[in-house]
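Take a look at the structure below.
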Amino acid sequence: MNRLYEQTMLFDFYGELLTEHQRRVYEDAVYNDLSLSEIAEEQGISRQGVHDLIRRCDRILQDYESKLHLVERFARARSTVEEIRRLACEGEETASGIAGDGEKLRRIQALTGELLKEL
């Protein structure tokens with residue numbers, strides 16, 4: 001996972017668990033792509049303070065993920081849904097009663113069962 005994508009996913013899932021100040025600074029850095037200087041000026045703190053706060057937030061969010069695994073579970077569920085969609089599209093393309101359709105349907109059923117367990 002690239003760093004920016006990982007940061008945004010972690011923030012989406014766990015951002016509400018940060019303090020208001022941490023949320024504002026982290027959101028400015030990650031979502032609004034503001035520089036450390038811009039954030040420091042806006043928040044009335046030093047560039048080093050902004051840098052330290054962003055690193056602390058990264059660690060906090062990573063710690064939540066290491067305990068709760070919500071982003072990981074979401075990624076697995078998304079992958080499963082994408083495979084279901086692909087199989088369903090293939091099924092529509094070959095809906096002429098070919099013998100492989102039964103196997104695809106069983107795979108779709110298995111995948112949906114896995115997805116329901118995850119959720």
Side-chain angles (χ1 to χ4, degrees):
M1 215 182 313
N2 81 38
R3 180 165 164 69
L4 183 59
Y5 179 74
E6 182 179 2
Q7 286 178 306
T8 57
M9 290 298 289
L10 290 171
F11 186 75
D12 285 347
F13 277 86
Y14 306 113
E16 291 298 316
L17 300 173
L18 298 173
T19 67
E20 181 63 33
H21 179 65
Q22 289 171 328
R23 244 190 332 271
R24 277 195 316 270
V25 170
Y26 201 79
E27 188 172 343
D28 280 346
V30 174
Y31 284 107
N32 300 330
D33 198 29
L34 296 180
S35 70
L36 296 178
S37 298
E38 291 170 318
I39 298 169
E41 185 177 322
E42 184 178 296
Q43 296 295 321
I45 57 178
S46 68
R47 283 182 73 252
Q48 184 64 45
V50 172
H51 178 265
D52 292 345
L53 183 59
I54 291 169
R55 290 192 61 201
R56 189 175 323 117
C57 288
D58 280 334
R59 282 193 309 273
I60 291 168
L61 296 174
Q62 283 288 347
D63 189 45
Y64 285 132
E65 176 60 14
S66 71
K67 291 175 182 168
L68 301 172
H69 306 285
L70 296 178
V71 174
E72 179 186 328
R73 289 176 58 203
F74 174 79
R76 278 198 318 264
R78 181 181 176 126
S79 177
T80 301
V81 170
E82 287 171 353
E83 187 175 354
I84 290 169
R85 184 168 189 237
R86 183 185 57 76
L87 290 171
C89 289
E90 286 176 10
E92 285 181 359
E93 292 171 3
T94 61
S96 59
I98 299 173
D101 288 346
E103 183 180 322
K104 285 181 182 176
L105 288 174
R106 282 189 292 282
R107 181 67 181 142
I108 289 171
Q109 289 171 343
L111 289 169
T112 56
E114 290 174 25
L115 184 58
L116 289 173
K117 286 178 190 173
E118 283 292 318
L119 302 175

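Note that the coordinates shown come from a computational prediction; the quantities given were computed from them, not determined experimentally.
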Quick one: do His21 and Leu53 satisfy side chain to side chain contact (heavy atoms under 4.5 Å, CB included)? Show the steps, please. CA-CA 10 Å; His21 179 65; Leu53 183 59; 3.6 Å; yes
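- Between Arg107 and Glu83, at least one side-chain N (NZ, or NE/NH1/NH2) sits under 4.0 Å from a carboxylate O, which counts as a salt bridge.
- The shortest side-chain heavy-atom distance between Leu61 and Leu18 falls under the 4.5 Å cut-off.
- The distance between the ring centers of Tyr31 and Phe11 falls below 6.0 angstrom.
- Annotation: the span from Thr8 atom OG1 to Phe13 atom CZ amounts to 10.5 Å, rounded to 0.5 Å.
- With Glu27 contributing its side chain and Asn32 its backbone, the two residues share no donor-acceptor pair below 3.5 Å.
- Here the side chain of Gln43 pairs no donor or acceptor atom with the backbone of Val50 at under 3.5 angstrom.
- Between Glu82 and Arg86, none of the side-chain N atoms (NZ, or NE/NH1/NH2) sits under 4.0 Å from a carboxylate O, so this pair counts as no salt bridge.
- Residue-environment remark: CZ (Arg76) exceeds the threshold of 12 foreign heavy atoms within 6.0 Å.
- With salt bridges taken as basic N to acidic carboxylate O contacts below 4.0 Å, one links Asp58 and Arg3.
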Test side chain to side chain donor-acceptor pair (under 3.5 Å) on Asn2 and Glu6; report intermediate values, then the result. CA-CA 6 Å; Asn2 81 38; Glu6 182 179 2; over 6 Å; no
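- Of the possible polar contacts, one joining the Tyr14 side chain to the Leu70 backbone as a donor-acceptor pair under 3.5 Å is found.
- Contact detail for Leu111 and Thr80: the closest heavy-atom pair is O-CG2, 3.5 Å.
- A salt bridge links Arg23 with Glu20: the distance from a Lys NZ or Arg NE/NH1/NH2 to an Asp or Glu carboxylate oxygen falls below 4.0 Å.
- A distance-only check finds a donor-acceptor pair linking the side chain of Glu38 to the backbone of Ser35 [under 3.5 Å].
- Using a cut-off of 4.0 Å between Lys/Arg side-chain N and Asp/Glu carboxylate O, Lys67 and Asp63 are scored as salt-bridged.
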